Amino acid sequence: MAHERRIQVRIIPARRTYRLRYEEELNPAQLQAVMHQNGAALVIAGAGTGKTRTLAYRVARLVEDGVPPENILLLTFTRKAARQMLHRAAQLLDGRCERVAGGTFHSFAYMILRRYSHAVGLSPDFTVLDQTDAEDVLNLLRTELFRERRRERFPHKRTLADIYSTAINRNRSIDDILSAEYPHFQHLLPELKQLYDAYRLYKRRHGLVDYDDLLLLLLQLLEEHPEKRQQLHAQFRYVMVDEYQDTNPLQHRISVLLAGPEENILAVGDDAQSIYSFRGADFRNIMDFPNAFQQCTIITLEENYRSTQPILNLANAIISRAIYGYRKQLQSRQKEGPSPAIIRAEDERQQSLFVVQQVLALREQGIPLSDIAVLARASHLFFELEIELSRVGIPYRKFGGLKLTETAHIKDLLAFARILLNITDTVSWHRVLLMLEGVGPRTAHRIIEGIREGILRWEDPQSIENLLLGISPSIRTTVIQLWEALCTLFRLYLRHTPVPELLSQCATLYRPLLQRQYDDHHKRWRDIEALLALAERYQTLQEFLTDLTLDPPTESVADVAAPGSQEESPLTLSTVHSAKGLEWTAVFLIWMTDGRFPVAWAYDSVEAFEEERRLFYVACTRARRFLYLLYPLRAIDHESGWILAKPSPFLTELDESVAEHWVLVTENSLGTG
DNA sequence: GGACGGCTATTTTTT
DNA sequence: ATAGCCGTCC
Ligand SMILES: Nc1ncnc2c1ncn2[C@@H]1O[C@H](COP(=O)(O)OP(=O)(O)OP(=O)(O)O)[C@@H](O)[C@H]1O
């Protein structure tokens, strides 16, 4: 063996191999965001550029890299969005991704506050009030505080809630908000402050927390309890936030604190899609995001994968007129496609007829109803169309507007359940008492005074007598009957009766009252049955009620399924707000008239007007291929009957070239007239 | 005194 | 859907 060849072997540094082919599924900028390691990063990009997709892949990538899913936190705008994204990641990789902590700021806050309740002075079983619950509390306190006085106009309960909420979310005083937004109520400042104090006291006494408190208390926990903050950093080593343009100042500060010294936070958003300023959101948060950290990688995504270029040309034209924000131009590889159509209808009915006709035509072409959406600025603008859809038998689902949990009959039913959880829940008592025949605000108030004092006790059924002194015999009997029924329910509750069973007992008690109160009780009873079905999955009443407020069933009450079409997946009707982040092959946007979109009061301020414009931009960028913008020329006005409507300025300011203009004419069919 | 029916005018968007 | 207002009834 004279010549022995010596071959040197060396260790090649491991090239990380992934199960997913990220570089094939993502463009270079998306890939950069997905592979981003440590430190803060901001992905700022226009509609349809794959921000959501990027987040899903980043979850998968982190998990693949061995980050325990529990150490990842994904904050999104709705809980549904979080679920879908994690589900997507799980499909891409494996089930571990479902274990990632995900939800809204509010649901995350709830989870953390449950864990550290004592640190912020809460009892661990605190309850969350939704918007309408908060309004009900304010309403009750208002009548109690100012019962004898004041004939003059007091703000609507909704306005009250809005004033207080805006003050908190924007970190301003009530005085500031009044002078900025409600100057006509400025003289009521002392009363409004008094009411606010009463509201805070009420919440504290009853262990209640509203949406704003969730954020406020989480922030307080992070700021004032360094050891808790460190525990949270240790747990959530990678934080991701979607839709950052719609965070409010509280959420922004929470995000920064959650990122901690390692600054492992990745935020995603589009300043041109900021549409929640009425909730305190401020698109400047996304602009300021990089400044909050030592170092921040900024990634922009340029290519739109959703829509055809004609649709993007229109979207670009809309946003190029915006006063605020970064300029950007959306570009697509799909250069060809039908032009968006701007369509003039004579009136609302003709608008509905066209939508129905065109939906059917698209379905003929093979586009399923589930790939089509009709959008509008406000949910009541669908009423007429809904009638027409039902008549023709097109199944649809409606999102946005009045939610199931906000309807009077569902709130009535839940009031019974709430009394079982907390006998001093005076708001629920108020609701329930007013349902009884012969009981009005005055009697209810007298009874509730006693309940507030703690006179009524489950252990002592006779205690009700003390509340009924001086009340007429027939009303006494009614109230006592109610109380006895409640006591029976309470015994069931103590025996850990399953939630659906317990609620169904509440419903049995409620049913005659429902029938007495509402002419359309059949329809309402179906809603109650729907609610009972939702309760099936829950172990405790607490959990159920909390989920109803933190993750309310978004679908509005829609019950149309024409015979024979049960199998077909339905058409979507949605407010533009609720359509955020979603996409459809064909999108109709109805009621593009001046005063409806933009809403009339948006003319009061540049900020409001600009937000309407962004909202319009969001609406148009939901469409993949077909976009129809409709405006009826005539509308009904309360005072003058028919009035001539003008098309939205957002339409008239557009260049002729970005859309086709259609005019509808109704065929005079066979002289039936 | 208080409940209640019937009238009118006003109603955005949502965690 | 909700609030305020007013007349009527118990
Ligand atoms: N690299 C890619 N290759 C193929 N399809 C992509 C790619 N990136 C995104 N898409 C597709 O483009 C569409 C829009 O993506 P996505 O919803 O993630 O965008 P987005 O930026 O979150 O939009 P928006 O801001 O409007 O919510 C989706 O159908 C997505 O699957």
Side-chain angles (χ1 to χ4, degrees), chain A residues 75-82 103-110 128-136 139 142-143 151-159 161-162 165 169 209-215 243 246-248 250-251 274-281 375-381 383 399-403 405-409 411 433-434 436-446 470-472 474-475 478 516-518 520 546-552 554 556-557 574-580 591 595-602 608 611-612 614-615 618-619 637-639:
Chain A
L75 294 174
T76 56
F77 206 69
T78 62
R79 280 170 85 177
K80 192 166 150 214
T104 60
F105 276 92
H106 292 89
S107 69
F108 174 69
Y110 176 77
V128 185
L129 295 173
D130 72 16
Q131 172 83 23
T132 47
D133 296 334
E135 286 169 10
D136 290 345
N139 214 26
R142 180 189 64 177
T143 42
R151 297 266 74 176
E152 70 185 294
R153 285 225 0 224
F154 212 77
H156 192 277
K157 61 179 179 177
R158 195 183 199 137
T159 315
D162 184 56
S165 181
N169 283 302
V209 154
D210 64 21
Y211 284 137
D212 300 330
D213 294 328
L214 284 172
L215 300 180
E243 309 275 17
D246 276 323
T247 55
N248 66 37
L250 288 178
Q251 292 167 325
S274 176
I275 55 176
Y276 278 90
S277 72
F278 66 91
R279 247 167 60 181
L375 307 182
R377 175 66 179 81
S379 68
H380 68 262
L381 299 173
F383 290 162
F399 297 89
L402 196 66
K403 285 195 282 276
T405 46
E406 289 168 350
T407 57
H409 47 294
K411 302 203 82 192
L433 288 171
L434 284 182
L436 302 179
E437 189 152 23
V439 179
R442 208 81 218 192
T443 313
H445 178 70
R446 280 164 68 182
I471 285 172
S472 80
S474 67
I475 293 179
T478 336
R516 192 178 73 87
Q517 202 171 1
Y518 302 104
D520 57 348
T546 306
D547 262 18
L548 281 182
T549 65
L550 255 30
D551 190 17
T554 47
S556 336
V557 200
S574 174
T575 58
V576 183
H577 282 93
S578 297
K580 171 156 124 162
W591 276 116
R596 292 256 157 67
F597 200 164
V599 287
W601 50 90
E611 181 148 318
E612 295 291 304
R614 294 193 294 268
L615 196 56
V618 169
D637 190 73
H638 317 301
E639 291 136 34

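Quick caveat: nothing in here was measured; it's all calculated off a predicted structure. Atom set for the values below is all heavy atoms of this structure, side chains included, hydrogens, waters and symmetry mates excluded. Letters go in sequence order (proteins before strands), and every chain restarts at 1.
Taking 4.0 angstrom as the limit, A:K403 places a side-chain polar atom (N or O) nearer than this to OP1 or OP2 of B:dT15. At B:dG2, none of the side-chain N or O atoms of A:T443 fall inside 4.0 Å of OP1 or OP2 (strictly under the cut-off). Within the 4.0 Å cut-off from OP1 or OP2 of B:dT15, not a single side-chain nitrogen or oxygen of A:T78 is found.
Under the side chain to side chain contact (heavy atoms under 4.5 Å, CB included) criterion, A:T443 pairs with A:V439, A:I447, A:I471, A:I475, sequence neighbours left out. The side chain to side chain contact (heavy atoms under 4.5 Å, CB included) search around A:Q517 returns A:D412, A:M435, not counting sequence neighbours. Take A:S578 and apply the side-chain hydrogen bond (donor to acceptor under 3.5 Å, both in side chains) test, not counting sequence neighbours, and it matches A:T575. Every side chain to side chain contact (heavy atoms under 4.5 Å, CB included) that A:E243 has, sequence neighbours left out, goes to A:F77, A:Q245, A:K580. Residues forming a side chain to side chain contact (heavy atoms under 4.5 Å, CB included) with A:R79 (at least two apart in sequence, or on another chain): A:R83, A:T104, A:S107, A:D547, A:L550, A:D551.
When distances are taken from the side chain of A:P441 to each of B:dT14, B:dA3, B:dT15, the shortest belongs to B:dA3. Side-chain proximity of A:S379 to the nucleotides B:dT13, B:dT15, B:dC4 is greatest for B:dT13. When each of B:dG2, B:dT15, B:dT14 is scored by its nearest atom to the side-chain atoms of A:S578, the top-ranked nucleotide is B:dT14. Nearest to the side chain of A:R158, among B:dT12, B:dA3, B:dC4, sits B:dT12. You'll find that the side chain of A:Y276 is closest to B:dT14, out of B:dT14, B:dT15, B:dT13.
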Atom pairs, N/O to N/O, protein against nucleotides 1-3 of chain C, distance under 3.5 Å?
{"residue": "C:dA3", "atom": "OP1", "partner": "A:N139", "partner atom": "ND2", "Å": "3.4"}

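Two residues, A:H577 and A:G440, neighbour DNA chain B, and the one matched to the more 5' nucleotide by heavy-atom proximity is A:G440. Projected onto DNA chain B by closest heavy-atom contact, A:E612 and A:I475 fall at different nucleotides, the more 5' of which corresponds to A:I475.
Distance A:E135 CD to B:dT11 P: 15 Å, rounded to the nearest Å. A straight line from CG of A:D162 to C1' of B:dT13 spans 11 Å, rounded to a whole angstrom. Between the CG atom of A:L375 and the P atom of B:dT13 there is a distance of 14 Å, rounded to whole Å.
By the criterion of a centre-to-centre distance under 5.5 Å and near-parallel planes under 30°, the ring of A:F278 forms a stack with the base of B:dT13.
A distance-only check finds a donor-acceptor pair linking the side chain of A:E611 to the backbone of A:S277 [under 3.5 Å].
Using a 4.0 Å heavy-atom distance criterion, A:R79 is classed as making no nucleic acid contact.
A 4.5 Å side-chain heavy-atom check between A:V576 and A:F597 finds at least one atom pair inside the cut-off.
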